[in-house]
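Remarks on the structure that follows.
These values consider heavy atoms only, across backbone and side chains, with no hydrogens, waters or symmetry-generated copies. The model shown is predicted, which means the values in this text are computed figures rather than measured ones.
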Amino acid sequence: MDISHILNHLGEEREEYYGAVTPPVFQTSNFCFKNTADMREKLKKELETPFYTRGFNPTVSILRKKIAALEEAEDALVFSSGSAAAAAAVMSVVKAGDHVVCVEKPYSWTNNLLTKYLSKYGVASTFVNGTELVNFEKAIQPNTKLIYLESPNSLTFEMQDIAGVAAIAKSKNICTIIDNSYNSPINQRPITLGIDIVLHSATKYLNGHSDVVAGVVCGTKERIMKMMEEEFMTIGSIISPQDASLILRGLRTLEIRVNRSAESAEKILEFLEKHPKIKHINYPFSKTNPQLQLAKRQMKQGGGLLSFVLNIEKAEQAEKFCDSLKRFLMAVSWGGYESLVLPVCALGASGNNDSTLPWNLVRLYIGLEDPDLLIEDLKQALEEM
Ligand SMILES: *Cc1c(COP(=O)(O)O)cnc(C)c1O
């Protein structure tokens, strides 16, 4: 389906709300019924009709339709955070006694979910280097029920051969989940590559304005309805209608924002590649990336996130570089309009659960500012260092 149609019109039943061009925020917890018979009937479809907002809300429903269409999925659910989305997706697949194969270095709280949380309920996990397909095959056990991917991850950008992993999983009746936040549905559609469940931190590109924390999960109607009846309704980590409305607004410009962010990142990459103070760059579409061919096969373009190792002797120089940037805000998260810098040396080993990260690694998120201004800023900060 045409992306611009999905973003601007799909799911919006304007005649239902007086022709209002922008969908109303159904800021209501409750919906009332005409009589007992009406209530009895509607209770049978509690999750598909206005009944109670923990289950169904008309504003959130529009968002679900758009997200599902963007990922070429049958249905989607929206959660109050990306972490809630990941937890619900994983818990919908595994039970006590099951085993999960997860790509190494996933998002920190996904790592926490598997290693610290689900382990308490008898779910075991093995983490594998996802750059080689054979590592997945080797890690699979008779009780493996789930393979969890994040391609690429959001700090060093290692990728997995998504179609390859999906084929291995299908042959062994194992479910696959991927965190597609880095790419957004504009740059990568994992369901078309055979993945069962796709999730996002909607806090990042989907909302794109750094004013909402949210998450989404996409899959078949059957999987999503089962997840809704069990994890979604039980744990209740829903998004508010107001926040859903803000994401609907953010989505109008999703394609434009993602493209701008990627084009600017390419320009900045070109500048950094030539700079003597940059030792190594991590970016899916970097010419020096050994996985470049894989990136070209499964992604339309890179995203706005990249990281690099500084060519320096002392940790203070990395700090000096980051502190000298004037046009990059120092913050976590990404995917908004504002460019960001993340000094890995500030995280310590606990911040990202990965003490193998080099202390002279810096991550940038390229937002919507003029890339030439950003390059000027990087140039002066590298000199200052
Ligand atoms: C931010 C992020 C998450 C978690 O999402 P929240 O909305 O912060 O809960 C998960 N995965 C990736 C790749 C992320 O960047």
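Centroid-to-centroid, the aromatic rings of Tyr117 and Tyr121 come within less than 6.0 Å. Centroid-to-centroid, the aromatic rings of Tyr283 and Phe308 stay 6.0 Å apart or farther. Under the 6.0 Å cut-off for aromatic ring centres, Tyr182 and Phe157 qualify, their centroids lying closer than that. A distance of 6.0 Å or more separates the ring centres of Tyr365 and Phe328.
Tyr205 and Trp334 have perpendicular rings, their planes meeting at more than 60° on a 0 to 90° scale where under 30° would count as parallel.
In this structure, Lys204 satisfies the cation-pi test against Tyr107, with its NZ or CZ atom closer than 6.0 Å to the six-membered ring centre and inside 45 degrees of the ring normal.
Within the 4.5 Å cutoff, the side chain of Ile147 has heavy atoms near those of the Val165 side chain. Between Val101 and Val128 there is a side-chain heavy-atom pair separated by less than 4.5 Å.
Of the candidates Leu347, Ile312, Val344, Ile312 is the only one forming a side-chain contact (heavy atoms from CB on, under 4.5 Å) with Trp359.
Residues His99 and Thr144 bring a donor and an acceptor atom of their side chains to less than 3.5 Å of each other. Side chains of Thr156 and Lys105: a donor on one and an acceptor on the other come within 3.5 Å.
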Under 3.5 Å, sequence neighbours excluded: what are the donor-acceptor pairs made by side chains of residues 14-27?
| unit_1 | atom_1 | unit_2 | atom_2 | d |
| --- | --- | --- | --- | --- |
| Arg14 | NE | Val21 | O | 3.0 |
| Arg14 | NH1 | His9 | ND1 | 3.1 |
| Arg14 | NH2 | Asn8 | O | 3.2 |
| Arg14 | NH2 | Glu12 | OE1 | 3.0 |
| Tyr17 | OH | Glu13 | N | 3.0 |

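Rounded to the nearest 0.5 angstrom, Lys320 NZ and Leu310 CG are separated by 14.0 Å.
Within 6.0 Å of NZ on Lys170 lie more than 12 heavy atoms contributed by other residues, nucleotides or ligands.
Every residue two or more places apart in sequence or in another chain was checked for a salt bridge (Lys or Arg N to Asp or Glu O under 4.0 Å) with Glu263, and none qualifies.
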